[in-house]
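The structure appears below as structure tokens.
Since the structure is predicted, the reported quantities are computational estimates derived from the model, not experimental observations. Just so you know, ligand 1 is whichever comes first in the structure, and atom 1 is the first atom listed for that ligand.
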Amino acid sequence: MPRPFYITTPIYYVNDAPHIGHAYTTVTADALARWHRLLGDDVLFLTGTDEHGLKVARTAEANGLTPQEQADRTSARFAEAWQELDISYDDFIRTTEPRHHRAVQALLQRAHDNGYVEQGTYSGLYCVACEAYYNEADLNDGNCPIHGRPVELFEEDNYFFKLSHFTQPLLDWLGEHPDAIQPESKRNEAIGLIRQGLEDVSITRTSLTWGVPVPWDRDHVFYVWYDALINYATAAGYGSDPEGFDKWWPRVHHLIGKDILRFHCVYWPAMLMAAGELPPHRVYVHGFLMVGGEKMSKTGLNQIAPTDLVRDFGVDGFRHHFLRDVHFGPDGDFSYEGMIARYNADLANNLGNLLSRVATIVTRRCGGIGPAPAAESPLADLARTAFQAAAEAWEAVQPSEALEATWRLIRDTNAYLETNEPWKLEPGPALDAIMGDALEVLRIVAVLATPAMPATCAELWRRIGMPGNPDEQRLPGAAAWGGYPGGLAVEKGQPLFPRMASPETKTSG
Ligand code: ME8
């Protein structure tokens, strides 16, 4: 039986357009989903949009739209961005869908019936951009610590979730499941938040109607975060498909940015416990992408749309850069110059060179037909090591290391060609042996790199004459040495990645 592997991104707010921060999380989730499909796992990859709440309602008003129109337009922009970036999601959830309303009402009704929801009055300092209340102590000079904007004093009658009841259950959960939140530093941060003591939290609003109605009191809607988090349960079948839910839950892997750690590592597991469900299997928390040392956000000035970079680097140049250059976990700095350097080094030079050399020699000296690899080759061990290292790195959600292991194999194979100089050999068995081995490396690289660069790897696969597609292969078999059968027509074609000039050269040239 294939193993169920359920992976999610945050669902993004529809008040503004997708930027490269959203794309970073989504491309990482996509690469992981693709890796797990190669492993033969039964994958459910979920992304979507978060459409309720005051922030969306206010943006709609400012744009002269209804909240639904605002949500429809922006949700479509996210779907378009993900199509452009080759994101292979299985499901795109919108929180305005009826299936989601049903799941939210069912799950929170359960928490209510279990005695974890009570009525009260709340007043507090609210950041509309975060859709969250803050304590005075958490503010920076009276401003939201994330957005740097003034908070507003809100007071309303609402229902409270008895989060305080879950302090010990949450600590027990994290004690029994030390890998549940990764990396370690983020797990410690979550434990720190829980140990500080948890207060009951307000989960409904009467001040707006743009939300999921509270089933036991129709004057209220659920506060947007309590509706949003439940999307992960909705898509697994909560409230509509008990068999589906049993299959996928709690085998979920949430990928999130560190801005929403508190919601995913404290509130969400507690809500699930309150409803009698198990907490998520894994929450992987990454840092912020910074531009010029500042967090890039929808409320900041320095946002960059994925499509602007795709124009210059292509879809796979974009995907490879973010997966390879941003170490998953800490904050990472984005720069256009760094992106050019990565593109030229890894794609134009290393991978592009290897394919171009091999295809040129096979075309000129082997009659255009790729020879089979030898059973024993110095490259076979390197390929084995690359696969093992890549497999461990994907398992640990470290795409940059998985790709580094793959590119080490590419660099070593280029070095092997430089040492053996096949371009100086006459046609014959010695030349065939070297070229067969190099073609076998290209075949294995096409499989190992397909989670990062699906279109490029399909083209590489085609150029070496392989039938089908690298993403239809199954690991570990497809990484075993000897899979290139030989006797296939090899095509030289245009360079996969034309070298890019640095910005200085561009302006002066
Ligand atoms: O928070 N660097 O939505 P959101 C890296 N709707 N990642 C970034 C980033 C940056 N500078 N900026 C954004 C919400 N992200 C809620 C989520 S989930 C039930 C509800 C990514 O549109 C990162 O994944 O503000 C972050 O957690 C997410 O976008 C926030 O997206």
Side-chain angles (χ1 to χ4, degrees), residues 7-30 32 46-56 59 70-71 74-75 77-78 81-82 87 92-96 100 103-104 107 127-132 144 146-147 186 211-212 222-236 252-269 271-272 280 283-306 322-323 325-334 397:
I7 183 158
T8 69
T9 71
I11 49 170
Y12 305 110
Y13 286 130
V14 290
N15 61 318
D16 207 353
H19 61 61
I20 59 174
H22 305 125
Y24 172 66
T25 317
T26 309
V27 165
T28 304
D30 181 62
L32 281 159
L46 174 72
T47 189
T49 42
D50 188 355
E51 309 191 349
H52 292 128
L54 192 52
K55 178 156 59 170
V56 173
T59 308
Q70 170 74 31
T74 313
S75 183
R77 293 185 68 176
F78 275 93
W82 302 156
I87 303 300
F92 187 106
I93 191 165
R94 299 185 54 187
T95 54
T96 46
H100 181 62
V104 169
L107 195 140
C127 169
V128 175
C130 288
E131 295 280 16
C144 161
I146 305 256
H147 295 90
K186 299 294 193 282
V212 178
F222 287 112
Y223 161 51
V224 60
W225 265 105
Y226 282 86
D227 135 20
L229 287 162
I230 295 170
N231 89 87
Y232 306 125
T234 308
V252 67
H253 301 68
H254 295 312
L255 255 58
I256 60 162
K258 68 179 186 183
D259 49 338
I260 53 180
L261 179 148
R262 188 162 57 112
F263 289 103
H264 285 78
C265 300
V266 182
Y267 293 21
W268 176 225
M271 284 163 70
L272 285 159
V283 184
Y284 295 100
V285 188
H286 66 71
F288 287 148
L289 275 181
M290 317 286 269
V291 181
E294 285 193 23
K295 177 186 183 263
M296 192 200 46
S297 71
K298 281 178 291 213
T299 39
L301 292 176
N302 48 0
Q303 48 178 297
I304 302 166
F322 285 101
L323 291 167
D325 267 354
V326 184
H327 190 70
F328 191 95
D331 290 347
D333 230 322
F334 169 80
V397 185

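Ring planes of Tyr223 and Tyr226: tilted class, angle from 30 to 60°. Between Trp225 and His264, the angle of the ring planes goes over 60°, which puts this pair in the perpendicular group of the 30/60° scheme. Using cut-offs of 30° and 60° on the angle between ring planes, the pair Phe328 and Tyr284 is perpendicular.
When the heavy atoms of His286, Lys55, His19 are ranked by distance to atom 12 (N) of ligand 1, first place goes to His19. One option in Gly21, Pro18, Ala29 has a heavy atom closer to atom 8 (C) of ligand 1 than any other, and that option is Gly21. Closest to atom 24 (O) of ligand 1 by heavy atom, among Leu261, Thr25, Ile20, is Thr25.
A heavy-atom separation below 4.0 Å is not found between Glu131 and ligand 1. Not a single heavy atom of Gly332 lies less than 4.0 angstrom from ligand 1. For Lys258, the closest heavy-atom approach to ligand 1 does not fall below 4.0 Å. Heavy atoms of Trp268 come nearer than 4.0 angstrom to ligand 1 in no pair at all.
Ligand 1 has no N or O atom lying under 3.5 Å from any N or O atom of Ile256, backbone or side chain. Checking only distances, Tyr12 never comes within under 3.5 Å of ligand 1, N or O to N or O. For ligand 1, the polar-atom distance check finds an N/O of Gly257 within less than 3.5 Å of one of the ligand's N/O atoms. Between Ala228 and ligand 1, no N or O atom pair is found at a separation short of 3.5 Å.
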Can you list the steps and then say if Lys55 with Glu131 is a salt bridge (Lys or Arg N to Asp or Glu O under 4.0 Å)? CA-CA 7 Å; Lys55 178 156 59 170; Glu131 295 280 16; over 6 Å; no
Let's go through Phe78 and His22 carefully: what are the C-alpha distance in whole Å and the side-chain angles of both, what is the deciding distance for side chain to side chain contact (heavy atoms under 4.5 Å, CB included) to 0.1 Å, and is it a yes or a no? CA-CA 9 Å; Phe78 275 93; His22 305 125; 3.8 Å; yes
I would like to know whether Tyr12 and Thr26 meet side-chain hydrogen bond (donor to acceptor under 3.5 Å, both in side chains); could you show each step before the answer? CA-CA 10 Å; Tyr12 305 110; Thr26 309; 2.8 Å; yes
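Within 6.0 Å of atom CZ in Arg262, more than 12 heavy atoms from other residues, nucleotides or ligands are found, so the atom counts as buried in its surroundings.
Interface atoms of ligand 1 facing Asp50, defined by a heavy-atom separation under 4.0 Å, are 6 (N), 16 (C), 20 (C). For ligand 1, the atoms closer than 4.0 angstrom to any heavy atom of Gly287 are 5 (C). Close approach of ligand 1 to Ile260 is summarised as follows: ligand atoms under 4.0 Å from at least one heavy atom of the residue are 1 (O), 27 (O).
Contacts with ligand 1 closer than 4.0 Å are made by side-chain heavy atoms of Asp259 only, the backbone lying farther away. Proximity of Met290 to ligand 1, defined as any heavy-atom pair under 4.0 Å, is not found for any part of the residue. Only the side chain of Tyr232 comes within 4.0 Å of ligand 1, judged by heavy-atom distances. By the criterion of a heavy-atom distance under 4.0 Å, the side chain of Asn231, and not its backbone, is placed next to ligand 1.
Between Thr95 and Thr49 the shortest side-chain heavy-atom distance does not fall below 4.5 Å. Looking at Leu255 and Leu32, their side chains come closer than 4.5 Å, going by heavy atoms from C-beta outward. Put simply, the side chain of Thr28 does not reach to within 4.5 Å of the side chain of His286, judged on heavy atoms.
A side-chain contact (heavy atoms from CB on, under 4.5 Å) with Ile93 is found for one member of Asp50, Ile11, Thr8 and no other, namely Ile11.
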